[in-house]
Enquirer: 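Before we start, here is the structure in question, set down as C-alpha coordinates.
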Amino acid sequence: MITTTAIKKSFGDLQVLKGIDLHIEKGEVVSIVGPSGAGKTTLLQIIGTLDRPDSGTICVDGIDTTRLSQKKLADFRNRHIGFVFQFHQLLPEFTAIENIMIPAYIAGTSKKDARHRAAELLDFMGLSDRATHKPNELSGGEKQRVAVARALVNNPAVILADEPSGSLDSKNKAELHQLFFDLRNQFGQTFVIVTHDEQLATLTDRTIHLRDGMIESI
(Lines give C-alpha, C1' and ligand atoms only; values in the text may rest on other atoms or scores of the structure.)
Protein backbone atom coordinates (compact mmCIF):
# COMPACT_ATOMS: atom_id res chain seq x y z
CA MET A 1 0.00 0.00 0.00
CA ILE A 2 2.75 2.47 1.00
CA THR A 3 6.41 1.95 0.17
CA THR A 4 9.15 4.53 0.65
CA THR A 5 12.66 3.87 -0.62
CA ALA A 6 15.76 5.83 0.44
CA ILE A 7 13.81 8.98 1.27
CA LYS A 8 16.03 11.94 2.09
CA LYS A 9 14.98 15.49 2.90
CA SER A 10 16.94 18.55 3.99
CA PHE A 11 15.98 22.09 4.88
CA GLY A 12 19.06 24.19 4.21
CA ASP A 13 21.97 22.57 5.99
CA LEU A 14 19.70 20.50 8.23
CA GLN A 15 19.14 16.94 7.01
CA VAL A 16 15.79 15.92 8.46
CA LEU A 17 15.36 12.51 6.80
CA LYS A 18 18.45 10.42 6.11
CA GLY A 19 17.24 7.53 3.98
CA ILE A 20 13.87 6.11 5.01
CA ASP A 21 12.91 2.63 3.78
CA LEU A 22 9.42 1.68 4.85
CA HIS A 23 6.56 -0.58 3.80
CA ILE A 24 3.02 -0.41 5.17
CA GLU A 25 0.43 -3.01 4.21
CA LYS A 26 -3.15 -2.27 3.16
CA GLY A 27 -5.45 -2.09 6.18
CA GLU A 28 -2.67 -1.59 8.74
CA VAL A 29 -2.97 0.98 11.50
CA VAL A 30 0.60 2.17 12.02
CA SER A 31 1.94 4.76 14.46
CA ILE A 32 5.11 6.81 13.98
CA VAL A 33 6.74 7.93 17.21
CA GLY A 34 9.95 9.64 18.23
CA PRO A 35 11.31 12.76 19.91
CA SER A 36 10.66 16.25 18.58
CA GLY A 37 12.83 16.91 15.55
CA ALA A 38 13.06 13.23 14.61
CA GLY A 39 11.40 13.89 11.22
CA LYS A 40 7.96 12.38 11.91
CA THR A 41 5.83 15.15 10.45
CA THR A 42 8.19 15.66 7.51
CA LEU A 43 7.90 11.96 6.65
CA LEU A 44 4.11 12.09 6.95
CA GLN A 45 3.95 15.15 4.67
CA ILE A 46 6.14 13.44 2.07
CA ILE A 47 4.02 10.27 2.16
CA GLY A 48 0.97 12.52 1.78
CA THR A 49 2.51 14.35 -1.22
CA LEU A 50 2.31 17.69 0.60
CA ASP A 51 6.10 17.91 0.22
CA ARG A 52 8.59 16.29 -2.10
CA PRO A 53 11.72 14.42 -1.01
CA ASP A 54 15.16 15.52 -2.18
CA SER A 55 15.72 11.94 -3.32
CA GLY A 56 14.09 8.54 -3.10
CA THR A 57 10.70 7.24 -4.17
CA ILE A 58 7.23 6.92 -2.63
CA CYS A 59 4.58 4.53 -3.92
CA VAL A 60 1.07 4.94 -2.55
CA ASP A 61 -1.73 2.63 -3.65
CA GLY A 62 0.42 1.40 -6.53
CA ILE A 63 1.35 4.87 -7.84
CA ASP A 64 4.88 6.32 -7.77
CA THR A 65 3.95 9.81 -6.57
CA THR A 66 7.45 11.19 -7.15
CA ARG A 67 6.81 10.95 -10.91
CA LEU A 68 3.56 12.94 -10.93
CA SER A 69 3.23 16.54 -12.07
CA GLN A 70 1.90 19.08 -9.56
CA LYS A 71 -1.55 18.99 -11.16
CA LYS A 72 -1.75 15.19 -11.18
CA LEU A 73 -0.33 15.13 -7.67
CA ALA A 74 -3.10 17.40 -6.37
CA ASP A 75 -5.74 15.19 -7.98
CA PHE A 76 -4.11 12.03 -6.61
CA ARG A 77 -3.96 13.53 -3.12
CA ASN A 78 -7.63 14.52 -3.22
CA ARG A 79 -8.81 11.08 -4.31
CA HIS A 80 -6.41 8.70 -2.57
CA ILE A 81 -5.32 10.35 0.69
CA GLY A 82 -7.26 11.77 3.63
CA PHE A 83 -5.69 14.04 6.27
CA VAL A 84 -6.49 14.53 9.94
CA PHE A 85 -4.56 17.19 11.86
CA GLN A 86 -4.16 18.02 15.55
CA PHE A 87 -6.46 21.00 15.16
CA HIS A 88 -9.51 20.14 13.09
CA GLN A 89 -9.07 22.98 10.54
CA LEU A 90 -12.78 23.12 9.81
CA LEU A 91 -13.99 26.19 7.92
CA PRO A 92 -15.98 28.25 10.45
CA GLU A 93 -18.52 29.62 7.99
CA PHE A 94 -19.73 26.16 6.92
CA THR A 95 -21.83 23.58 8.77
CA ALA A 96 -20.50 20.17 9.74
CA ILE A 97 -22.00 18.44 6.71
CA GLU A 98 -20.78 21.20 4.36
CA ASN A 99 -17.23 20.90 5.73
CA ILE A 100 -17.31 17.16 5.06
CA MET A 101 -18.56 17.69 1.51
CA ILE A 102 -15.77 20.07 0.43
CA PRO A 103 -13.20 17.45 -0.72
CA ALA A 104 -15.98 15.67 -2.66
CA TYR A 105 -16.80 18.90 -4.49
CA ILE A 106 -13.12 19.32 -5.36
CA ALA A 107 -13.13 15.78 -6.78
CA GLY A 108 -16.08 16.68 -9.01
CA THR A 109 -18.74 14.73 -7.12
CA SER A 110 -22.30 15.98 -7.58
CA LYS A 111 -23.88 17.91 -4.72
CA LYS A 112 -26.48 15.16 -4.23
CA ASP A 113 -23.90 12.36 -4.03
CA ALA A 114 -21.54 14.41 -1.85
CA ARG A 115 -24.32 15.19 0.63
CA HIS A 116 -25.43 11.55 0.71
CA ARG A 117 -21.89 10.35 1.44
CA ALA A 118 -21.35 13.06 4.08
CA ALA A 119 -24.63 12.14 5.77
CA GLU A 120 -23.60 8.47 5.86
CA LEU A 121 -20.32 9.39 7.53
CA LEU A 122 -22.00 11.67 10.05
CA ASP A 123 -24.32 8.81 10.95
CA PHE A 124 -21.35 6.46 11.39
CA MET A 125 -19.72 9.07 13.65
CA GLY A 126 -22.90 9.38 15.71
CA LEU A 127 -23.25 13.02 14.68
CA SER A 128 -26.35 13.05 12.47
CA ASP A 129 -28.02 15.51 14.83
CA ARG A 130 -25.08 17.92 14.45
CA ALA A 131 -25.10 18.11 10.63
CA THR A 132 -26.29 21.72 10.45
CA HIS A 133 -24.14 23.00 13.32
CA LYS A 134 -21.14 25.18 12.60
CA PRO A 135 -17.76 24.44 14.19
CA ASN A 136 -18.23 26.97 17.00
CA GLU A 137 -21.34 25.01 18.04
CA LEU A 138 -19.47 21.70 18.33
CA SER A 139 -17.37 20.26 21.13
CA GLY A 140 -13.68 19.49 20.59
CA GLY A 141 -14.40 15.80 20.15
CA GLU A 142 -17.22 16.50 17.71
CA LYS A 143 -15.04 18.80 15.63
CA GLN A 144 -12.36 16.16 15.33
CA ARG A 145 -14.92 13.52 14.32
CA VAL A 146 -16.19 15.86 11.61
CA ALA A 147 -12.58 16.33 10.48
CA VAL A 148 -12.17 12.54 10.27
CA ALA A 149 -15.40 12.29 8.24
CA ARG A 150 -14.06 14.98 5.88
CA ALA A 151 -10.88 12.91 5.43
CA LEU A 152 -13.03 9.88 4.52
CA VAL A 153 -15.55 11.48 2.18
CA ASN A 154 -13.73 10.50 -1.04
CA ASN A 155 -13.12 6.98 0.29
CA PRO A 156 -9.32 7.37 0.15
CA ALA A 157 -7.03 4.37 0.41
CA VAL A 158 -4.88 6.03 3.08
CA ILE A 159 -5.61 8.23 6.09
CA LEU A 160 -2.66 10.23 7.44
CA ALA A 161 -3.06 11.73 10.91
CA ASP A 162 -0.66 14.15 12.61
CA GLU A 163 -1.15 14.23 16.40
CA PRO A 164 -4.91 13.76 15.85
CA SER A 165 -5.79 13.51 19.55
CA GLY A 166 -3.25 16.04 20.83
CA SER A 167 -5.86 18.70 21.60
CA LEU A 168 -8.48 16.40 23.16
CA ASP A 169 -9.28 15.46 26.74
CA SER A 170 -8.87 11.86 27.92
CA LYS A 171 -12.44 10.75 27.13
CA ASN A 172 -12.52 12.20 23.62
CA LYS A 173 -8.99 10.95 23.00
CA ALA A 174 -9.97 7.37 23.82
CA GLU A 175 -13.08 7.61 21.64
CA LEU A 176 -11.07 8.97 18.70
CA HIS A 177 -8.48 6.23 19.02
CA GLN A 178 -11.21 3.57 18.97
CA LEU A 179 -12.81 5.29 15.98
CA PHE A 180 -9.68 4.74 13.88
CA PHE A 181 -9.91 0.99 14.40
CA ASP A 182 -13.68 0.96 13.82
CA LEU A 183 -13.12 2.80 10.53
CA ARG A 184 -10.38 0.43 9.45
CA ASN A 185 -12.65 -2.52 10.15
CA GLN A 186 -15.64 -0.90 8.41
CA PHE A 187 -14.01 0.72 5.38
CA GLY A 188 -10.61 -0.98 5.06
CA GLN A 189 -8.47 2.17 5.07
CA THR A 190 -4.80 2.19 5.94
CA PHE A 191 -3.95 4.57 8.81
CA VAL A 192 -0.55 6.17 9.43
CA ILE A 193 -0.57 8.20 12.64
CA VAL A 194 2.17 10.47 13.97
CA THR A 195 1.72 10.65 17.72
CA HIS A 196 3.36 11.37 21.07
CA ASP A 197 0.54 9.46 22.75
CA GLU A 198 1.99 6.23 24.12
CA GLN A 199 -1.45 4.76 24.72
CA LEU A 200 -2.38 5.16 21.04
CA ALA A 201 0.99 3.80 19.89
CA THR A 202 0.51 0.62 21.94
CA LEU A 203 -2.91 0.06 20.32
CA THR A 204 -1.71 0.22 16.72
CA ASP A 205 -0.77 -2.82 14.67
CA ARG A 206 2.82 -1.62 14.44
CA THR A 207 4.93 1.24 15.80
CA ILE A 208 7.72 2.86 13.79
CA HIS A 209 10.34 4.61 15.91
CA LEU A 210 12.16 7.54 14.29
CA ARG A 211 15.25 9.20 15.72
CA ASP A 212 17.50 11.79 14.08
CA GLY A 213 15.91 11.25 10.67
CA MET A 214 16.35 7.49 10.62
CA ILE A 215 14.19 4.49 11.50
CA GLU A 216 15.38 3.20 14.84
CA SER A 217 13.01 0.24 14.98
CA ILE A 218 9.82 -1.07 13.38
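We count residues from 1, following the sequence as given.
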Enquirer: Between the main-chain N or O of Phe181 and the side-chain N or O of Asn185, is there a donor-acceptor pair closer than 3.5 Å?
Expert: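 A pair under 3.5 Å: yes.
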Enquirer: Hey, are the side chains of Glu93 and Glu98 touching, using non-hydrogen atoms and a 4.5 Å cut-off?
Expert: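 Not in contact.
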Enquirer: Test of understanding: clusters of I, L, V, M, F, W, Y form through side-chain heavy atoms closer than 4.5 Å, transitively. Do Val33 and Ile7 belong to the same one?
Expert: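 No; Ile7 is not reachable from Val33 via cluster members.
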Enquirer: Compare every heavy atom of Leu127 with every heavy atom of Arg145, then report the nearest pair and how far apart it is.
Expert: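 The answer is CB-CD1, 3.6 Å.
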Enquirer: Under 3.5 Å, is there a donor-acceptor pair linking the side chains of Asp182 and Gln186?
Expert: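 Judged by distance alone, the side chains do not pair up.
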Enquirer: Does a side-chain heavy-atom distance below 4.5 Å link Gln70 with Arg52?
Expert: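 In short, these two side chains touch, coming nearer than 4.5 Å.
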Enquirer: Step through the shown structure and confirm whether more than 12 heavy atoms of other residues, nucleotides or ligands are within 6.0 Å of CE on Met214.
Expert: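 Check fails, neighbour count at 12 or below.
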Enquirer: Any idea which heavy atoms bring Val153 and Ile100 closest together, and the distance?
Expert: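 So the two residues come closest at CG1-O, 3.3 Å.
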Enquirer: Run the numbers on Ile215 and His209 for side chain to side chain contact (heavy atoms under 4.5 Å, CB included), then give the verdict.
Expert: CA-CA 6 Å; Ile215 293 178; His209 297 264; over 6 Å; no
Enquirer: So, the side chain of Lys40 versus the backbone of Leu210: is there a donor-acceptor pair under 3.5 Å, distance only?
Expert: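 Checking the backbone N and O of Leu210 against the side chain of Lys40, no donor-acceptor pair under 3.5 Å is found.
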Enquirer: Is a donor on one side and an acceptor on the other found under 3.5 Å between the side chain of Asp64 and the backbone of Cys59?
Expert: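 Absent.
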Enquirer: Taking Gln144 for its side chain and Gly141 for its backbone only, find out whether a donor-acceptor pair lies under 3.5 Å.
Expert: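 No, the answer is negative, given that no donor and acceptor are paired below the 3.5 Å cut-off.
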Enquirer: Is any side-chain heavy atom of Leu122 closer than 4.5 Å to a side-chain heavy atom of Arg130?
Expert: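 A side-chain contact is absent here, since even the closest heavy-atom pair is not under 4.5 Å.
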Enquirer: Which pairs with one or both residues in residues 90-142 pass ring pair (Phe, Tyr, Trp, His ring centres under 6.0 Å), sequence neighbours excluded?
Expert: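 Ring pair (Phe, Tyr, Trp, His ring centres under 6.0 Å) check on residues 90-142 returns Phe124-Phe187.
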Enquirer: Testing Leu50, Thr65, Val60 for side chain to side chain contact (heavy atoms under 4.5 Å, CB included) with Arg77, which one passes?
Expert: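 Going through the options one by one, the only one that passes is Leu50.
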Enquirer: If I take atom CG from residue Asn172 and atom NE2 from residue His177, how far apart are they, to the nearest 0.5 angstrom?
Expert: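 Going from CG on Asn172 over to NE2 on His177, the span is 10.5 Å.
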Enquirer: Apply side chain to side chain contact (heavy atoms under 4.5 Å, CB included) to the pair Thr204 and Val29, showing each step before the final yes or no.
Expert: CA-CA 5 Å; Thr204 57; Val29 179; 3.8 Å; yes
Enquirer: Check for a donor-acceptor pair, side chain of Asn136 on one end and backbone N or O of Pro92 on the other, with a separation under 3.5 Å.
Expert: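 No; zero donor-acceptor contacts below 3.5 Å.
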Enquirer: Hey, are the side chains of Asn99 and Pro135 touching, using non-hydrogen atoms and a 4.5 Å cut-off?
Expert: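 Yes; the side chains approach each other to less than 4.5 Å.
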Enquirer: Please find the pair of heavy atoms, one from Ala118 and one from Ile97, that lie closest to each other, and give the distance.
Expert: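 Smallest interatomic distance, heavy atoms only, reads CB-CG1, 3.6 Å.
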Enquirer: With rounding to the nearest 0.5 angstrom, report the OG1 to CD1 distance, Thr207 to Ile193.
Expert: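 The distance works out to 10.0 Å.
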Enquirer: Kindly give the heavy-atom pair with the smallest separation between Asp21 and Ala6, and that separation in Å.
Expert: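 Distance-wise, the nearest heavy atoms are OD1-N, 2.6 Å.
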Enquirer: Report yes if some heavy atom in the side chain of Val192 is under 4.5 Å from a heavy atom in the side chain of Ile32; otherwise report no.
Expert: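 The answer is yes, as the side chains (C-beta and beyond) meet within the 4.5 Å cut-off.
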Enquirer: Do Phe191 and Asp205 come within less than 4.5 Å of each other through their side chains, counting heavy atoms only?
Expert: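 Phe191 vs Asp205: side chains apart.
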Enquirer: Do you know which two heavy atoms are closest between Thr57 and Thr66, and how far apart they sit?
Expert: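 Here Thr57 and Thr66 meet closest at CA-CG2, 3.9 Å.
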Enquirer: For residues Lys8 and Gly19, report the shortest heavy-atom separation together with the two atoms involved.
Expert: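 Looks like CG-N, 3.6 Å.
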Enquirer: So if I apply the side chain to side chain donor-acceptor pair (under 3.5 Å) rule between His80 and each of Asp61, Asn155, Thr49, which one comes out positive?
Expert: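 Going through the options one by one, the only one that passes is Asp61.
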Enquirer: Before giving the answer on side chain to side chain contact (heavy atoms under 4.5 Å, CB included), spell out for Ile24 and Arg206 the whole-Å C-alpha distance, their side-chain angles and the decisive distance to 0.1 Å.
Expert: CA-CA 9 Å; Ile24 297 170; Arg206 191 156 51 105; 4.0 Å; yes
Enquirer: Do Asp51 side-chain atoms and Ile46 backbone N/O form a donor-acceptor pair below 3.5 Å?
Expert: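 Judged by distance alone, no pair lies under 3.5 Å.
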Enquirer: With no hydrogens and no angle check, is any side-chain donor or acceptor of Lys18 less than 3.5 Å from a backbone partner on Asp212?
Expert: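 Side chain of Lys18 to backbone of Asp212, a donor-acceptor pair under 3.5 Å: yes, one is there.
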Enquirer: Compare all side-chain heavy atoms of Met125 with those of Leu183 and state whether any distance is below 4.5 angstrom.
Expert: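 A side-chain contact exists here, since the closest heavy-atom pair is under 4.5 Å.
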Enquirer: A side-chain contact here means heavy atoms from C-beta on lying under 4.5 Å apart; do Asn154 and Arg117 qualify?
Expert: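 No - every pair of side-chain heavy atoms lies 4.5 Å or more apart.
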Enquirer: Going from CG on Leu91 to CZ on Arg150, what distance comes out if it is rounded to the nearest 0.5 angstrom?
Expert: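 Answer rounded to 0.5 Å: 7.0 Å.
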Enquirer: Report yes or no: does Gln189 contribute a side-chain atom to a donor-acceptor pair with the main-chain N or O of Pro156 at less than 3.5 Å?
Expert: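 Yes; at least one donor-acceptor contact below 3.5 Å.
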Enquirer: Which value, rounded to the nearest 0.5 Å, describes the distance between Thr195 atom OG1 and Leu203 atom CG?
Expert: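 Going from OG1 on Thr195 over to CG on Leu203, the span is 10.0 Å.
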Enquirer: Take atom CD of Gln178 as the centre, draw a 6.0 Å sphere, and report whether it contains more than 12 heavy atoms from other residues, nucleotides or ligands.
Expert: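 Counting neighbours around CD of Gln178, more than 12 heavy atoms of other residues, nucleotides or ligands fall under 6.0 Å, so yes.
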